[in-house]
Asks: 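Before I ask anything, let me first share the structure, which is written out below as structure tokens.
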Amino acid sequence: MWKEERGGKQIKGQDKLLLLFLLLKMVLLTRTNIPTTENQEEQQQQEDQEPSLDEGLLYVPLINHQGFWFPHPGFLQGVTAAQHHFVARSKDVIVTSAPKSGTIWLKALLFATVNRKCLSFTDDDHPLVNLNPHDCVPFLDSQVYSKTPPSPDIEALPSPRLFATHVPYPLLPISIPGSGCKIVYLSRDPKDSLVSLWHFINAAKPETSEPLPLDRAVDSFVRGATPYGPFWDQAMAYYKESLESPKRVLFMRYEELHKDPFGELKRLAEFVGCPFTEEEERGGVVGEIVEMCGFERLVGLEVNKRGKMEMGKAEVENRVFFRKGRVGDWENYLTEEMAERVERVVEERLKGSGLSFGGNTMSGA
């Protein structure tokens, strides 16, 4: 029987096998369920009623829903389905962020941390070795509820369940705010996030589509027309919630995670209710997790080189979710004028909120 000795507690192999089985089954079901005609018609009626469509990002047209922009078609179906059907538990942890803000790194760190008692970091069958982090911590709207019917196995997952979403706070599933579950928001310098999104769109685009020019991506950003944006409205809402409910919402910064991964990982573990013991810290467990979830290691895994997954109605290669993972890389792409446009609109929109961006680091003033 597989077992692990850590912190004086013996972990049974059955727990590990059950978790692996449920994760793999959930991945398969979220990729193979087929929307019914009735739901397709309902979705189409819903999208036809939307008054605004923006095609600034070329092959990723955006539809406006309740003041926010969503990839069209397909993603809004998952957003509304999750809103009304997801039943949150008090022990759930929801990772939130704007797209291309380091989400995949945070997912890996969170999954490894929460499951460290039943999954050995050195095992070849560890989920983070065989699955993309997006499959270990799936998006509610673009993976779990993007198909009809949604994967039923989320109810079978043991607590704490780990999910993610890019959805703005006002449009989260209605069961989340009153459930007592934890929300972790990861922020990032908007210029880095914009450049990373631009690269992602061009890497994931159909071969027959024209590349998205950077100046056009900047134009869309300053209008607020980016997936799940406007960027500033999303960040500001989660920031305010973190001030009002600090035990329920944790506001993290990608730049700080990059600068001090050990300290930020310990803060994350404490927040979600599984702090590292002194024995674990002395034994180097924090460092093991940081190393296991390092950018270079994740990029080098076979599953992240060749695997694929469905997001909404699109099939995306796992490799395009990884680029450089650097802070300040925007300087290599944005002109001075482009950077000033982004900084100006963000500063104007966040004025008076207590949230600001200084250089490459987001801060709350």
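None of the values given here were measured: they were computed from a predicted structure.
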Asks: Could you measure the distance from the CG atom of L172 to the CD1 atom of I183? Nearest 0.5 Å is fine.
Replies: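 L172 atom CG to I183 atom CD1 measures 5.5 Å (nearest 0.5 Å).
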Asks: Using 4.0 Å as the upper bound for N to carboxylate O, is an ion pair formed by E210 and R216?
Replies: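 Salt bridge flag = no for E210 with R216.
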Asks: What I'd like to find out is whether the side chain of C293 reaches to under 4.5 Å of the side chain of I289, using heavy atoms alone.
Replies: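 Counting from C-beta outward, C293 and I289 do come under 4.5 Å.
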Asks: May I ask you to say whether K191 pairs ionically with E343, meaning some side-chain N is under 4.0 Å from a carboxylate O?
Replies: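 Answer for the salt bridge query: yes.
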Asks: Answer yes or no: is there a side-chain heavy-atom contact under 4.5 Å between P127 and C136?
Replies: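 A side-chain contact exists here, since the closest heavy-atom pair is under 4.5 Å.
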Asks: Which atom names give the shortest non-hydrogen contact between P227 and L197, and what distance separates them?
Replies: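 Answer, listing the atom of P227 first, then L197: CD-CD2, 3.9 Å.
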Asks: Between T80 and H84, which heavy-atom pair has the shortest distance, and what is it?
Replies: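 For T80 and H84, the tightest heavy-atom pair comes out as O-CD2, 3.0 Å.
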Asks: Identify the two heavy atoms, one from Y169 and one from E241, that lie closest to each other, and give their separation to 0.1 Å.
Replies: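 Smallest interatomic distance, heavy atoms only, reads OH-OE1, 3.3 Å.
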Asks: Let's go through V167 and Q83 carefully: what are the C-alpha distance in whole Å and the side-chain angles of both, what is the deciding distance for side chain to side chain contact (heavy atoms under 4.5 Å, CB included) to 0.1 Å, and is it a yes or a no?
Replies: CA-CA 10 Å; V167 171; Q83 268 187 312; over 6 Å; no
Asks: Quick one: do the S97 and T103 side chains pair a donor with an acceptor below 3.5 Å?
Replies: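 The answer is yes; a qualifying pair exists.
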Asks: Can you label the angle between the W198 ring and the Y333 ring as parallel, tilted or perpendicular, going by 30° and 60°?
Replies: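 Perpendicular: the ring planes of W198 and Y333 meet at over 60°.
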Asks: So D233 and R349, do their side chains get closer than 4.5 Å, heavy atoms only?
Replies: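 Not touching, per the 4.5 Å side-chain cut-off.
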Asks: Salt bridge check, R161 against E155: does any charged N sit closer than 4.0 Å to a carboxylate O?
Replies: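 Looking at E155 and R161, the cut-off is met.
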Asks: Return yes if some donor-acceptor pair links the side-chain N/O of N304 with the main-chain N/O of G300 below 3.5 Å, else return no.
Replies: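 Side chain of N304 to backbone of G300: no pair is present.
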Asks: In terms of hydrophobic clustering (I, L, V, M, F, W, Y; side-chain heavy atoms under 4.5 Å; direct or indirect links), are L76 and I174 co-clustered?
Replies: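 They do not share one cluster, since no chain of ILVMFWY contacts under 4.5 Å joins L76 to I174.
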Asks: Answer whether the closest heavy-atom distance between the side chains of Y254 and S101 falls below 4.5 Å.
Replies: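 Of all side-chain heavy-atom pairs linking S101 with Y254, none is under 4.5 Å.
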Asks: Looking at CG of L212 and NE2 of H199, how far apart are the two atoms once the value is rounded to the nearest 0.5 Å?
Replies: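 It is 11.0 Å, given to the nearest 0.5 Å.
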Asks: Would you confirm whether D260, through its side chain, and L265, through its main-chain N or O, come within 3.5 Å as a donor-acceptor pair?
Replies: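 Not confirmed, D260 side chain does not pair with L265 backbone.
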Asks: Between R267 and E264 (salt bridge meaning N to carboxylate O under 4.0 Å), is one present in this structure?
Replies: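 Looking at E264 together with R267, the answer is yes, because their closest N to O distance falls below 4.0 Å.
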Asks: Going by the side chain to side chain contact (heavy atoms under 4.5 Å, CB included) test, name the single residue among S187, P170, P168 that passes it with Q234.
Replies: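 So the option named by the test is P168.
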Asks: Can you check side-chain hydrogen bond (donor to acceptor under 3.5 Å, both in side chains) on S193 and R188, steps first, answer last?
Replies: CA-CA 6 Å; S193 182; R188 190 180 188 183; 5.9 Å; no
Asks: Can you name the nearest heavy-atom pair linking A217 to L194, along with the distance?
Replies: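 Closest approach of A217 to L194: O-CD1, 3.8 Å.
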Asks: Once rounded to the nearest 0.5 Å, what's the spacing between atom NZ of K351 and atom CE of M236?
Replies: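 The NZ atom of K351 sits 13.5 Å away from the CE atom of M236.
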Asks: Does R341 come within less than 4.0 Å of D219, counting only side-chain N to carboxylate O?
Replies: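 Judged by the 4.0 Å cut-off on N to carboxylate O distance, R341 and D219 do form a salt bridge.
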Asks: Would the number of heavy atoms belonging to other residues, nucleotides or ligands and lying under 6.0 Å from CD of E281 be above 12?
Replies: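 Yes.
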Asks: Of all the heavy-atom pairs spanning D189 and E255, show the shortest one and how long it is.
Replies: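 The answer is N-OE2, 2.9 Å.
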Asks: What verdict does the side chain to side chain contact (heavy atoms under 4.5 Å, CB included) test give for D54 and W69, after you've listed the backbone C-alpha separation in whole Å, the side-chain angles of each residue and the deciding distance to 0.1 Å?
Replies: CA-CA 9 Å; D54 189 286; W69 295 95; 3.5 Å; yes
Asks: Look at R306 together with E302 and state whether they make a salt bridge at an N to O cut-off of under 4.0 Å.
Replies: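 Yes.
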Asks: With rounding to the nearest 0.5 Å, note down the distance linking CZ in R344 to CD in E337.
Replies: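 Result: 8.5 Å between the selected atoms.
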Asks: Counting only N and O atoms by type, is there a donor-acceptor contact under 3.5 Å from the side chain of T96 to the main-chain atoms of V184?
Replies: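 Judged by distance alone, yes, a pair lies under 3.5 Å.
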Asks: Is the CG atom of N332 crowded by more than 12 outside heavy atoms at less than 6.0 Å?
Replies: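 Count over threshold, so yes.
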Asks: Test your reading of the model: is there a side-chain donor-acceptor pair from K100 to the backbone of S196, 3.5 Å cut-off?
Replies: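 Absent.
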Asks: Where the side chain of D192 meets the backbone of V327, is there a donor-acceptor pair that is under 3.5 Å apart?
Replies: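 A pair under 3.5 Å: no.
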Asks: Any Lys/Arg nitrogen of R116 or E280 sitting under 4.0 Å from an Asp/Glu carboxylate oxygen of the other?
Replies: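 Between E280 and R116 there is a salt bridge, with a charged N closer than 4.0 Å to a carboxylate O.
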Asks: Between F68 and L171, does a side chain to side chain contact (heavy atoms under 4.5 Å, CB included) hold up when you go through it step by step?
Replies: CA-CA 9 Å; F68 294 94; L171 299 183; 4.0 Å; yes
Asks: Has the side chain of S179 got a donor or acceptor atom that lies under 3.5 Å from a matching backbone atom of C181?
Replies: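 Yes, the answer is positive, given that a donor and an acceptor are paired below the 3.5 Å cut-off.
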Asks: Passes side-chain hydrogen bond (donor to acceptor under 3.5 Å, both in side chains), N132 versus D135? Steps please.
Replies: CA-CA 5 Å; N132 184 278; D135 285 326; over 6 Å; no
Asks: Decide yes or no for L186 and V95: does some side-chain heavy atom of the first lie under 4.5 Å from some side-chain heavy atom of the second?
Replies: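 Of all side-chain heavy-atom pairs linking V95 with L186, none is under 4.5 Å.
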Asks: For Y238 together with F251, are the ring centres under 6.0 Å from each other?
Replies: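 Ring centres of Y238 and F251 not closer than 6.0 Å.
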Asks: Could you go through F86 and I176, starting from their C-alpha distance and side-chain angles, then the distance that decides it, and tell me whether this counts as side chain to side chain contact (heavy atoms under 4.5 Å, CB included)?
Replies: CA-CA 8 Å; F86 175 67; I176 286 180; 4.0 Å; yes
Asks: Just wondering, do P71 and Y228 contact through their side chains at under 4.5 Å, heavy atoms?
Replies: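 Yes, at least one pair of side-chain atoms sits under 4.5 Å.
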Asks: Distance-only, no hydrogens or angles: does the K91 side chain make a donor-acceptor pair with backbone N or O of V272 under 3.5 Å?
Replies: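 Here the side-chain-to-backbone pair does not exist.
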Asks: Is T113 reaching over with its side chain to a backbone N or O of L109, donor-acceptor style, under 3.5 angstrom?
Replies: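 A pair under 3.5 Å: yes.
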Asks: Taking S175 for the side chain and A88 for the main chain, is one N or O donor matched with an acceptor at less than 3.5 Å?
Replies: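 Present.
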Asks: Side-chain heavy atoms nearer than 4.5 Å, only ILVMFWY residues, links allowed to pass through others: does that put F121 and F262 together?
Replies: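 In one cluster with F121: F262, yes.
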Asks: Check for a donor-acceptor pair, side chain of D141 on one end and backbone N or O of S146 on the other, with a separation under 3.5 Å.
Replies: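 Checking the backbone N and O of S146 against the side chain of D141, no donor-acceptor pair under 3.5 Å is found.
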Asks: Taking all atoms of both residues into account, what is the closest heavy-atom pair of V222 and W232, and its distance?
Replies: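 So the two residues come closest at O-CH2, 3.6 Å.
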Asks: For the CZ atom on R248, are there more than 12 heavy atoms of other groups (residues, nucleotides or ligands in this structure) within a distance under 6.0 Å?
Replies: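 Yes, because the 6.0 Å sphere around CZ of R248 holds more than 12 heavy atoms from other groups.
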Asks: Any non-hydrogen side-chain atom of V79 less than 4.5 Å from a side-chain atom of S142?
Replies: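 The answer is no; the side chains never approach within 4.5 Å.
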Asks: Spell out, yes or no, whether L243 and L355 are grouped together once hydrophobic residues are joined by side-chain heavy atoms under 4.5 Å, including indirect joins.
Replies: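 Linked within one cluster.
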Asks: Let me confirm one number: the CZ-CG distance from F276 to L268, rounded to the nearest 0.5 Å.
Replies: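 CG of L268 is found 8.0 Å from CZ of F276.
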Asks: Please state whether the rings of H134 and F139 are parallel, tilted or perpendicular, taking 30° and 60° as the class boundaries.
Replies: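 Tilted, since the angle between the ring planes falls between 30° and 60°.
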Asks: Quick one, L298 and L301 - any side-chain contact, counting heavy atoms below 4.5 Å?
Replies: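 Heavy-atom side-chain distance check passes, below 4.5 Å.
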Asks: Hey, could you give me the OG1/CD1 distance between T165 and I94, rounded to the nearest 0.5 Å?
Replies: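 Here the interatomic distance stands at 8.5 Å.
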